[in-house]
Amino acid sequence: MLPPGSTIGILGGGQLGRMTALAAARLGYRCHIFAPEEECPAAEVAAAWTRAAYDDRSALARFARSVDVVTLEFENVPREAVAFLSGFVPTRPSAEVLATTQDRLAEKELVRRLGIGVTDFLAVDTPADAEEAARALGLPFLLKTRRFGYDGKGQWRIETKEQAAAAFSALGGVPALAEAFVDYSCEISVIVARTPDGRRLSYPPVRNEHRGGILHRTVVPAELPVGTAARASEIAERLAEALAVEGLLAVEMFVTRDGRVLVNELAPRPHNSGHWTLDACATSQFEQLVRAICGLPLGSVRRFFDATMVNLIGGEVDDWPTFLDAPDARLHLYGKREVRPGRKMGHVTWLRPLGN
Ligand code: AMP
């Protein structure tokens, strides 16, 4: 167990790192951020910041010697950096977990191997594969890069066979994945915490609505049939166990119109769809991450309010005074100086008494 007073290293400097560092500070931990960007919302609330590239071995080594455990808030951190750090200090999650979750194909193959529902998919490595996908999966389908996608980036909706080959060629030959288009009734997610000694606890499933590939809002409770909610939780816990995740695993899923639950995507870190826990739960996902990676008892996931979390994307953040004035709204701003379209600037959580 790493007691309060220990130092947590966080790879990545965005809002997820910022909210993790705030939660860690409340429990008496120090955080040291490692991130290459000039602007670093996490570093503004942390004890230390190393600004260096993820392939800077001497900076990584110095960082590793200054911390007691390493976690990450950005899932595309190069796996090699995490593997290198693990020679000095525990990294939670591990480089092995990233090997799966950084590759959409490996991720989906794992889910399928476990006999868990997953969107139909095919690897696409040539224009001919892309055309074959149109035949095998039907149209429309989605073409996604295998690596480095997030918030709907690196994915295209393909309507015709000709478009399929052309879209793949436009990717410049990077490995891709074709995915059947799911006509879902809703999107949900479950966040599970798992400790190094295998203790586990998950938050209830929540309902997510996306706009343009970016999460717009999360609604809690998800209002799912009891069986569907139980299946979603069980899927997330099985995946956390199969991957031996240390820390958090967020599992995004589709609920189909005929009631099946299909896994869409995994992320071994705090997740945007868990921000509501900051204001509505006994323990937030960020505190839970700190507890999990430090081997502390996991905190209660009890919910005190029903909630709707709304992301403030780009210029939507300009409405901040309105949210300050609303008694049921809890405003979180990430301190990002430049407002850009599609950029997550903050979020607001609307609280309601349970059951209303
Ligand atoms: P992703 O980056 O894979 O999480 O995709 C971002 C969003 O695009 C998802 O949350 C869905 O709203 C939509 N999407 C992704 N894959 C599919 C699919 N196979 N069928 C329908 N919608 C999808």
Side-chain angles (χ1 to χ4, degrees), residues 14 16 74-76 98 100-112 116-124 129-130 133-159 163-164 167-168 171 174-191 205-220 222 224 232 235-236 239 248-276 309-311 313 341-344 347:
L16 300 175
F74 171 56
E75 69 198 279
N76 290 326
L98 291 183
T100 303
T101 59
Q102 287 184 343
D103 179 345
R104 288 187 192 270
L105 182 63
E107 194 170 275
K108 289 203 155 57
E109 283 173 342
L110 168 76
V111 178
R112 183 181 272 173
I116 295 171
V118 65
T119 325
D120 282 339
F121 63 91
L122 283 177
V124 174
D129 289 346
R135 202 192 54 74
L137 302 175
L139 291 162
F141 74 88
L142 291 171
L143 186 68
K144 302 183 178 183
T145 53
R146 276 174 63 177
R147 295 168 61 81
F148 306 128
Y150 68 99
D151 280 354
K153 292 189 176 68
Q155 60 176 271
W156 295 267
R157 188 181 154 125
I158 308 295
E159 310 279 352
Q163 217 185 346
F168 177 74
L171 288 180
V174 303
L177 182 81
E179 226 181 271
F181 189 80
V182 181
D183 181 26
Y184 52 79
S185 69
C186 69
E187 292 189 75
I188 60 172
S189 58
V190 172
I191 297 172
V206 298
R207 188 155 50 82
N208 299 319
E209 295 169 18
H210 291 78
R211 282 187 185 168
I214 303 179
L215 183 66
H216 164 53
R217 58 178 207 158
T218 295
V219 181
V220 192
L224 298 169
I235 286 172
L239 286 167
L248 299 182
L249 182 70
V251 182
E252 292 186 78
M253 292 166 268
F254 299 124
V255 181
T256 63
R257 296 194 185 276
D258 56 1
R260 286 173 302 138
V261 178
L262 304 179
V263 171
N264 173 36
E265 195 166 41
L266 312 179
R269 54 163 173 79
H271 195 258
N272 197 167
S273 68
H275 291 359
W276 65 278
M309 186 287 310
V310 182
N311 270 335
I313 312 279
R343 194 171 200 208
K344 292 175 176 169
H347 71 266

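Counting convention: from 1, in listed order, for ligands and their atoms alike.
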I need the atoms of ligand 1 closer than 4.0 Å to a non-hydrogen atom of [X], numbered in the order shown.
| X | value |
| --- | --- |
| Thr119 | 19 (N) |
| Glu187 | 9 (C), 10 (O), 11 (C), 12 (O) |
| Tyr184 | 12 (O), 21 (C), 22 (N) |
| Leu142 | 14 (N), 15 (C), 16 (N), 17 (C), 18 (C), 19 (N), 20 (N), 23 (C) |
| Glu179 | 16 (N), 17 (C), 18 (C), 19 (N) |

- Would you mind finding which of Arg157, Lys144, Gln155 brings a heavy atom closest to atom 16 (N) of ligand 1?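 Looking at heavy atoms only, Lys144 sits closest to atom 16 (N) of ligand 1.
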- Query: How close do Leu105 and Ala123 get, heavy atom to heavy atom, and via which atoms?
  - Reply: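 Answer, listing the atom of Leu105 first, then Ala123: CD2-CB, 3.9 Å.
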- Considering all heavy atoms, the nearest Glu187-Phe254 contact: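 Nearest pair, atom of Glu187 first, then Phe254: OE1-CE2, 3.4 Å.
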- Which one holds for Val182 and ligand 1: side chain close, backbone close, both close, or neither close, with close meaning a heavy atom under 4.0 Å?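 It is both parts that get close, each with some atom under 4.0 Å.
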- Item | Which segment of Asn208 sits under 4.0 Å of ligand 1 when only heavy atoms are counted |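 Asn208 to ligand 1: no contact under 4.0 Å from either part.
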- His271 and Glu252: side chain to side chain contact (heavy atoms under 4.5 Å, CB included), yes or no, with the steps? CA-CA 10 Å; His271 195 258; Glu252 292 186 78; 3.4 Å; yes
- Item | Criterion side chain to side chain contact (heavy atoms under 4.5 Å, CB included) against Ile188, the qualifying member of Asn264, Val255, Asn208 |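 Single side chain to side chain contact (heavy atoms under 4.5 Å, CB included) partner of Ile188 among Asn264, Val255, Asn208: Val255.
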- Test the Arg104-Phe121 pair against the cation-pi criterion, namely NZ or CZ under 6.0 angstrom from the six-membered ring centroid and within 45° of the ring axis.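 The answer is no, since Arg104 fails at least one limit relative to Phe121.
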- Heavy-atom check, side chain of Arg257 versus side chain of Val182, under 4.5 Å: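 Not touching, per the 4.5 Å side-chain cut-off.
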- Query: Is the shortest side-chain N to carboxylate O distance from Arg207 to Glu209 below 4.0 Å?
  - Reply: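 Looking at Glu209 together with Arg207, the answer is yes, because their closest N to O distance falls below 4.0 Å.
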- Message: Using a plain distance cutoff, I'd like to know if Ala180 has any nitrogen or oxygen under 3.5 Å from a nitrogen or oxygen of ligand 1.
- Response: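 Yes, since at least one N or O of Ala180 sits under 3.5 Å from an N or O of ligand 1.
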